[in-house]
Participant: 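I have a structure I would like to understand better, so I am pasting it below and will then ask my questions one at a time.
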Amino acid sequence: MRRDYRLYELSEGEFEELVVKICIKWLGEGVTPFAPGRDGGRDGKFNGKAECFPSASLPLEGQVVLQAKHVAVFDKSCSDKDFERLLKKEHPKIRRLAKNGLCDHYMVFTNRRYTGGADEKLIASITTLGVKSAHIIGIERLNTALDEMQHLRAWLPNRKDPIPFRFEPDDLIEVIGAVHDYAEGSVASAFNSARDFEKLKLREEKNKINELSDDYYNQIIVSNSFPHFARIDHFLKNPRNTQIAALYHDSADELKQKILAARAEFAMFDNVFAFLIEEIQKKRAALKGKRRMISIMLHYMYANCDIGSKKLPETKLTDHAHA
């Protein structure tokens, strides 16, 4: 089985650094990384004759522009519409660079799954901008490169992480702060009963599927968090809070996918909550006076089915069928 290097756990800066290191091997020592900021749409560049890309017999030659497109979740593809939109935003920059003689070849690196059909379509759109060739390097090729380059495997920032996965909590902390301020100054809505919200949002089946203990559910989620859910629900659905709601959904999507990918690392879902709360609390300065809202917000995500599984994994379904 091919090894998964969990590149979705890297930060954007770490992923860009990985791309540059791979390109030094493929293109040559002349690869130049660009500092973060207004870099004209380029993460890096190379000028000359490549060492071995796309092959040693027919290497690229000329001005090569490198672009990194990292995504913080594991289940994304090059055929996703959002990836197509990301590349289209780069088109004016690519056209300008090509016109100025600064881009003969354009290389896009992404930790998304590579899909042939999407690859052909996206490359065709880039080659109309004046470049001689365009290349999309997906997660499969990056994993192969890491298989071949021991020094890069040793360099990976997440290689020795003692934690099951990494995530960036800044967006979620902003949501927690906004909801906390709203809840502090709001009056109770008519829909504020823990029992009402539980009846509408959560079924006992979900706890069994996710292996959440009855004690945690009843003593912590129901007793401590449910009474706050109505206000969170009201806040996120208010049209005036669209931007905060978008941050919430982005954070929930990232957490859901990372939890699913690392679920085997946790004995119970109770442990998932404990891990997330501990990691988010590391940002103590930004959470002063609001730390109680961390668990409430995570429990709301679970109750609202934004994190956690809604059905048994296929392996468990099979086991049940043969039981």
Participant: Hey, are the side chains of Val272 and Leu276 touching, using non-hydrogen atoms and a 4.5 Å cut-off?
Facilitator: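 Side chain of Val272 against side chain of Leu276, heavy atoms only: contact under 4.5 Å found.
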
Participant: Donor-acceptor pair, distance only, cut-off 3.5 Å: does the side chain of Lys258 make one with the backbone of Arg166?
Facilitator: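 Yes, Lys258 side chain to Arg166 backbone: donor-acceptor pair under 3.5 Å.
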
Participant: Which residues end up grouped with Val71 if you chain together Ile, Leu, Val, Met, Phe, Trp and Tyr wherever their side-chain heavy atoms are less than 4.5 Å apart?
Facilitator: Val73

Participant: Before giving the answer on ring pair (Phe, Tyr, Trp, His ring centres under 6.0 Å), spell out for His299 and Tyr216 the whole-Å C-alpha distance, their side-chain angles and the decisive distance to 0.1 Å.
Facilitator: CA-CA 11 Å; His299 295 157; Tyr216 190 99; 5.5 Å; yes

Participant: Would you find a donor on one side and an acceptor on the other, under 3.5 Å apart, between the side chain of Ser223 and the backbone of Asn218?
Facilitator: yes

Participant: Are the side chain of Asn210 and the backbone of Ser309 linked by a donor-acceptor contact shorter than 3.5 Å?
Facilitator: yes

Participant: Without swapping roles, check the side chain of Asn158 against the backbone of Arg6 for a donor-acceptor pair under 3.5 Å.
Facilitator: yes

Participant: Are the side chain of Arg263 and the backbone of Phe266 linked by a donor-acceptor contact shorter than 3.5 Å?
Facilitator: yes

Participant: Does Val65 reach the side chain of Leu102, with side-chain heavy atoms less than 4.5 Å apart?
Facilitator: no

Participant: Can you name the residues that form a side-chain hydrogen bond (donor to acceptor under 3.5 Å, both in side chains) with Thr128, not counting sequence neighbours?
Facilitator: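 Listed in chain order: nothing, the list is empty.
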
Participant: Heavy atoms only: give me the nearest Pro157-Leu10 pair and the separation to one decimal.
Facilitator: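 Closest approach of Pro157 to Leu10: CD-CD2, 3.8 Å.
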
Participant: Is it true that atom CD of Gln281 has more than 12 heavy atoms of other residues, nucleotides or ligands lying nearer than 6.0 Å?
Facilitator: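 Yes, CD of Gln281 has more than 12 neighbouring heavy atoms, counting only those of other groups under 6.0 Å.
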
Participant: Report yes or no: do Asn207 and Tyr302 form a side-chain donor-acceptor pair below 3.5 Å?
Facilitator: yes

Participant: State which residue, out of Arg112, Lys89, Lys121, fulfils the salt bridge (charged side-chain N to carboxylate O under 4.0 Å, His left out) condition with Glu84.
Facilitator: Lys121

Participant: Taking all non-hydrogen atoms of both residues into account, name the closest pair between Ile136 and Cys78 and its distance.
Facilitator: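 Closest approach of Ile136 to Cys78, heavy atoms only: CG2-SG, 4.1 Å.
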
Participant: Between Asn271 (side chain) and Met268 (backbone), is there a donor-acceptor pair under 3.5 Å?
Facilitator: yes

Participant: Strictly by modelled atom types, are Tyr248 and Asp306 linked by a side-chain donor-acceptor pair under 3.5 Å?
Facilitator: yes

Participant: Which residue pairs satisfy the salt bridge (Lys or Arg N to Asp or Glu O under 4.0 Å) criterion with at least one member in residues 52-70, sequence neighbours excluded?
Facilitator: Lys69-Glu90

Participant: For the backbone of Phe235 and the side chain of Asn241, can you confirm whether one donor and one acceptor N or O come within less than 3.5 Å of each other?
Facilitator: yes

Participant: For His70 and Phe15, take the angle between the two ring planes, folded into 0 to 90°, and tell me which bin it lands in: parallel under 30, tilted 30 to 60, perpendicular over 60.
Facilitator: tilted

Participant: Report the C-alpha distance between Asp75 and Tyr8 in whole Å, list the side-chain angles of each, state the deciding distance to 0.1 Å, and finish with yes or no for side-chain hydrogen bond (donor to acceptor under 3.5 Å, both in side chains).
Facilitator: CA-CA 9 Å; Asp75 192 21; Tyr8 56 86; over 6 Å; no

Participant: Is the backbone N or O of Leu60 less than 3.5 Å from a side-chain atom of Lys132, with the two atoms forming a donor-acceptor pair by type?
Facilitator: no

Participant: Taking atom types as modelled, find out whether Tyr5 and Asp147 have a side-chain donor-acceptor pair closer than 3.5 angstrom.
Facilitator: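 Short answer, yes.
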
Participant: Describe, in one word, how the ring planes of Phe165 and Phe167 are oriented to each other, choosing from parallel (under 30°), tilted (30 to 60°) and perpendicular (over 60°).
Facilitator: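 Geometry flag for Phe167 against Phe165: tilted rings.
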
Participant: Whether the Tyr182 and His234 side chains hold a donor-acceptor pair (N or O, under 3.5 Å, no angle test) is what I'd like checked.
Facilitator: yes

Participant: Would a distance-only check, ignoring hydrogens and angles, find a side-chain to backbone donor-acceptor pair under 3.5 Å from Asp181 to Ala178?
Facilitator: no

